[in-house]
**Q** 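Supplied in structure tokens, the structure appears directly below.
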2 protein chains.
Amino acid sequence: MRDVGNRPTIADIAKRVGVSPGAVSFALNGRPGVSEQTRARILEVAREMNWRPHRAARALGGAQAGVVGLVLARDPRTLGSEQFYTQILYGMQDTLSARSSAVQMQLVRDTAAEIDLYRHWASEHRVDGLVLVDLQRDDPRIALVRELGLPAVTLGLPAEPDQLPSVWADDAEAMTTIVDYLAALDHRRIAHVAGPPVYLHTARRAAALRSQVSARGLHAGESVPTDFSDAQGAAATRALLSRADRPTAIVYDSDLMAAAGLGVALEMGIEVPRTLSIVSFDDSVLTRIVHPALTCLSRDTHALGAQVATTLLQAIADPAWRESVRTETPRLVVRGSTARAGG
Amino acid sequence: MRDVGNRPTIADIAKRVGVSPGAVSFALNGRPGVSEQTRARILEVAREMNWRPHRAARALGGAQAGVVGLVLARDPRTLGSEQFYTQILYGMQDTLSARSSAVQMQLVRDTAAEIDLYRHWASEHRVDGLVLVDLQRDDPRIALVRELGLPAVTLGLPAEPDQLPSVWADDAEAMTTIVDYLAALDHRRIAHVAGPPVYLHTARRAAALRSQVSARGLHAGESVPTDFSDAQGAAATRALLSRADRPTAIVYDSDLMAAAGLGVALEMGIEVPRTLSIVSFDDSVLTRIVHPALTCLSRDTHALGAQVATTLLQAIADPAWRESVRTETPRLVVRGSTARAGG
DNA sequence: GCCACTGGCTAAACCGCTATAGCTGCGGTA
DNA sequence: TACCGCAGCTATAGCGGTTTAGCCAGTGGC
């Protein structure tokens, strides 16, 4: 068995070419200090010997670890069923692997564990930057990354923009798209099965629903908070549908809850879409395999992940970087779960 | 903004305690060379100064990178919806974080890209070990990890055991559990919507079904290959149910395909479980939110991930390690999607 | 009273790469 | 002719750990 340790080092190349290790380093990193002729020769030998930089050695010299971190602090039982973060991860990896960086994804139980992890990572120099997701009001992570001196990008607009670069889509506009559509179908009682209200994106959607509903003179657009689990999504649906003035349309903050809600409706003998319309804020296979398939907001999540990675690389290269990228508002994909009210 | 680089080093501790850096290293790593008194003092100061080892520095000294790799080579569109690997990842992380290691998970398009990635990782010293999943017949990765000198553990039994340590459950026995149950319900035509036949676990299940079916004198238990996508799962179901001698029970290799299959059955007006019983090989939220909920094999995937991590750590510590761990055969969880045949 | 041994430490080399100061030889300038 | 500047290198000092060789004082054996 060939030992891993036998791989060529810069010194090996130097010996073979007959120059100093420093010259090899110059050549391999494309910086001045060697003639074009020597550089070409060095590059050739390096390729021949199949040389690749030793990550740890580079990182030790003060350079980068070549890893960015992504921590998800949600109940992992509900997490795995969502494609959203898988696609984000995949999009990030596609962009980063071209720069020979990688994503370190970790699942933790709560924000406290997440913060702990960031401290560990920072002190061990494990990551060059972070992606913060599921932003909250007064999010403690924003101060933390400053304190740790770690470049970071938020996925979703933070409460106070301009503190960190972020990649975001307009949640209010997205909700408006949905209400527009439902109102056009004569729905007048629209409810919202939301996530935990601490999350800004959920709060923004709820606020947008309220303002849209009152602007159009519809009935109060209530948002029922949940923990994103299928169980609470189902319970919230059951509660809403048990009312005398039950909604004719429900908007769900996740595809998993929407699917669970659909199940509850069928169980209660409420026909979808005839007497109840269902819209999901997220798209995934899940929305397509249930019956009827769910009308939902759809976006190119892979591209979103790629954008996050690009922005983070900027932030790493230039710590003063603060620019935010607004991405396309998700577009509505109409499927079988929505129809005219009172159909 | 505090600079990341300001964190304490071993030299800082040494200065403060008044000993040499070497002594501090001995103390912190619990090896002989310092008195218990000095050791205690050093540990105290280290804790006080909030010292943590610089990963890169350790790795450079020939020690470990503190990272293990997990590569998934499947179409990421179908991947994200399965909880299986999310749970595996989570279980691994829980075990590894106690040893302050991390999992580097990466999604790639195919086995060629996976192999490429392993070569990159090995040459950059990025990982200390690998978890190989979705084993195939004549799997090229087994020779590769030998060549690269990378410790590895397979999740699932390889074609030729004893080449690498593995953590596995008995697929044949699992299929037998299902056939036992279905046969007891008088099902005589059992079909199988499988994954790609290159995967050993899928092949083993198909073989077990065939042998069980013939041993019991049931009708030929056909396995229809798919790519694990909901689309192909649906297509396979449609084909099976369109036959004159259509099966009364279908076993699916994944929860996603089972859910898609259920949708097709309902669409075709075939009642589940009255005229068709459905069993999924995998469990997840998905099997619980569809209606009827799916009978499925269930296992503690988190524990499985933990076991994989433990075994990999063994393999890293002792490269000669070859022991395999057989885990519990998944147990059948009966839900609403199965009933007596012809019921 | 001398030697061997040992516990507890220090000094220094080393891991692979980057960064910087310094050296060399050549052509051009005053 | 002496000097400068520059391209093109070499030598060397880190980065933050681990590891080995070696030093010194104390101790026990004979």
Side-chain angles (χ1 to χ4, degrees), chain A residues 3-43 45-46 49-66 100 120-126 128, chain B residues 3-43 45-46 49-66 100 120-126 128:
Chain A
D3 188 13
V4 191
N6 282 349
R7 58 191 226 17
T9 71
I10 265 194
D12 297 329
I13 300 176
K15 212 172 296 168
R16 181 110 145 234
V17 178
V19 293
S20 73
V24 176
S25 177
F26 291 148
L28 291 171
N29 292 297
R31 64 187 74 215
V34 280
S35 68
E36 278 317 308
Q37 203 176 353
T38 315
R39 181 189 305 276
R41 173 102 188 86
I42 289 171
L43 288 177
V45 171
M49 299 179 79
N50 197 24
W51 177 88
R52 312 217 79 234
H54 192 305
R55 271 281 149 203
R58 277 215 168 139
L60 188 53
Q64 289 161 13
S100 70
H120 269 71
W121 280 355
S123 61
E124 293 189 348
H125 274 212
R126 250 187 206 280
D128 304 320
Chain B
D3 189 12
V4 191
N6 282 350
R7 57 187 224 22
T9 72
I10 263 193
D12 297 329
I13 300 176
K15 211 171 297 167
R16 181 112 145 233
V17 178
V19 293
S20 73
V24 175
S25 177
F26 291 147
L28 292 171
N29 292 296
R31 63 185 76 216
V34 279
S35 67
E36 278 317 308
Q37 203 177 354
T38 316
R39 183 189 305 275
R41 174 102 187 84
I42 289 172
L43 289 177
V45 171
M49 299 179 79
N50 196 25
W51 177 87
R52 313 219 77 236
H54 191 307
R55 271 283 147 202
R58 278 216 167 139
L60 187 53
Q64 290 162 13
S100 72
H120 270 72
W121 280 355
S123 60
E124 294 188 348
H125 275 211
R126 250 187 206 278
D128 304 320

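Proteins come first, then strands; the chains are lettered A, B, ... in the order of their sequence lines, and each starts at number 1.
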**Q** Going 5' to 3' through nucleotides 22-28 of chain D, assign each nucleotide B (protein heavy atom under 4.0 Å from a base atom), S (under 4.0 Å only from sugar-phosphate atoms) or - (no protein heavy atom that close).
**A** -------
**Q** Nearest whole angstrom, please: distance from the C1' of C:dC17 to the CD of B:Glu124.
**A**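 Going from CD in B:Glu124 over to C1' in C:dC17 covers 13 Å.
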**Q** Looking at A:Trp51 and A:Ile10, what are the two nearest heavy atoms and their distance?
**A**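 Residues A:Trp51 and A:Ile10, closest heavy atoms: NE1-N, 3.7 Å.
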**Q** Base, sugar-phosphate or nothing for A:Val24? Non-hydrogen atoms, less than 4.0 Å.
**A**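 Counting heavy atoms under 4.0 Å across all strands, no contact is made by A:Val24.
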**Q** Is there side-chain contact between A:Asn29 and A:Arg58, with at least one heavy-atom pair below 4.5 Å?
**A**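 Yes, close enough: below the 4.5 Å cut-off.
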**Q** Contact class for B:Pro32 (heavy atom, under 4.0 Å): base, sugar-phosphate, or nothing?
**A**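 Here B:Pro32 touches no strand at all.
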**Q** Verify the distance criterion only: is there a donor paired with an acceptor across the side chains of B:Ser100 and B:Arg52 at less than 3.5 Å?
**A**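 Absent: no donor and acceptor within the cut-off.
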**Q** In whole angstroms, how far is the C1' atom of C:dG8 from the CD atom of B:Gln37?
**A**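 Rounding to the nearest Å, CD of B:Gln37 and C1' of C:dG8 are 12 Å apart.
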**Q** Scan A:Arg31 against the nucleic acid and name what it touches under 4.0 Å (heavy atoms): base, sugar-phosphate only, or nothing.
**A**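 Sugar-phosphate contact only.
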**Q** If we only count heavy atoms from C-beta on, is the B:Glu124 to A:His54 side-chain gap below 4.5 Å?
**A**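 No; the side chains remain at least 4.5 Å from each other.
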**Q** Tell me whether the OP1 or OP2 atom of C:dC9 has a side-chain N or O from B:Thr38 closer than 4.0 Å.
**A**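 For C:dC9, OP1 or OP2 has a side-chain N or O of B:Thr38 closer than 4.0 Å.
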**Q** Which value, rounded to the nearest 0.5 Å, describes the distance between A:Arg126 atom CZ and B:Arg55 atom CZ?
**A**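 A:Arg126 CZ to B:Arg55 CZ: 4.5 Å, rounded to 0.5 Å.
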**Q** Just verifying a value: how many Å separate B:Met49 CE and B:Thr9 OG1, rounded to the nearest 0.5 Å?
**A**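 OG1 of B:Thr9 is found 7.5 Å from CE of B:Met49.
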**Q** Just to confirm, is there a sub-4.0 Å distance from OP1 or OP2 of D:dG16 to any side-chain nitrogen or oxygen of B:Trp51?
**A**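 Looking at the OP1 and OP2 atoms of D:dG16, neither is under 4.0 Å from any side-chain N or O of B:Trp51.
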**Q** To the nearest Å, how far apart are A:Arg41 CZ and D:dC9 C1'?
**A**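 Between C1' of D:dC9 and CZ of A:Arg41: 17 Å.
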**Q** Between A:Ile10 and B:Phe26, which has a closest nucleotide on DNA chain C that is more 5'?
**A**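 Of the two residues, B:Phe26 wins.
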**Q** Which is true for B:Arg39 with a 4.0 Å heavy-atom rule: it touches a base, it touches only sugar-phosphate, or it touches nothing?
**A**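 It contacts nothing in the nucleic acid.
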**Q** With respect to the phosphate group of D:dA7, does any side-chain polar atom (N or O) of A:Ser35 fall under 4.0 Å of OP1 or OP2?
**A**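 So the side chain of A:Ser35 is outside the cut-off, no N or O lying under 4.0 Å from OP1 or OP2 of D:dA7.
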**Q** How close or far is atom P of D:dT19 from atom CG of B:Asn29, stated in whole angstroms?
**A**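 Checked: the CG to P distance equals 7 Å.
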**Q** Once you round it to whole Å, what is the distance between P of D:dG17 and NE2 of B:His125?
**A**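 Atom NE2 in B:His125 sits about 20 Å away from atom P in D:dG17.
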**Q** Could you tell me whether the phosphate oxygens of C:dT18, OP1 or OP2, come under 4.0 Å of any side-chain nitrogen or oxygen in A:Arg58?
**A**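 For A:Arg58, the contact criterion (side-chain N or O under 4.0 Å from OP1 or OP2 of C:dT18) is met.
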**Q** Taking all non-hydrogen atoms of both residues, which atom of A:Ala46 and which atom of A:Leu28 are closest, and how far apart?
**A**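 Smallest interatomic distance, heavy atoms only, reads CB-CD2, 3.8 Å.
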**Q** Between B:Ala23 and B:Leu60, which is nearer to the 5' end of DNA chain D once each is assigned its nearest nucleotide?
**A**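 Closer to the 5' end of DNA chain D: B:Leu60.
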**Q** Could you state the atom-to-atom distance from CG of A:Leu28 to C1' of C:dA19 in whole Å?
**A**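 From A:Leu28 CG to C:dA19 C1': 15 Å.
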**Q** Let me spell it out: for each of B:Val19 and B:Ala57, pick the nucleotide of DNA chain C with the closest heavy atom. Which residue's pick is nearer the 5' end?
**A**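 The residue mapped nearer the 5' terminus is B:Val19.
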**Q** Between A:His54 (NE2) and D:dG16 (P), how many Å, whole number?
**A**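 Rounding to the nearest Å, NE2 of A:His54 and P of D:dG16 are 17 Å apart.
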**Q** Using the side chain to side chain contact (heavy atoms under 4.5 Å, CB included) criterion, which residues pair with A:Arg39? Sequence neighbours excluded.
**A**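 Checked A:Arg39 against side chain to side chain contact (heavy atoms under 4.5 Å, CB included); matches are A:Ala27, A:Val34, A:Glu36, A:Leu43.
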**Q** Please work out if B:Ser25 contacts a base, only the sugar-phosphate, or nothing of the nucleic acid, heavy-atom cut-off 4.0 Å.
**A**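 Contact class for B:Ser25: base.
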**Q** Over all strands shown, is B:Thr9 touching base, sugar-phosphate only, or nothing at heavy-atom distances under 4.0 angstrom?
**A**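 Answer is sugar-phosphate: B:Thr9 comes under 4.0 Å of backbone atoms only.
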**Q** Taking atom P of C:dG16 as reference, at what distance in whole Å does atom NZ of A:Lys15 sit?
**A**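 In whole Å, C:dG16 P lies 11 Å from A:Lys15 NZ.
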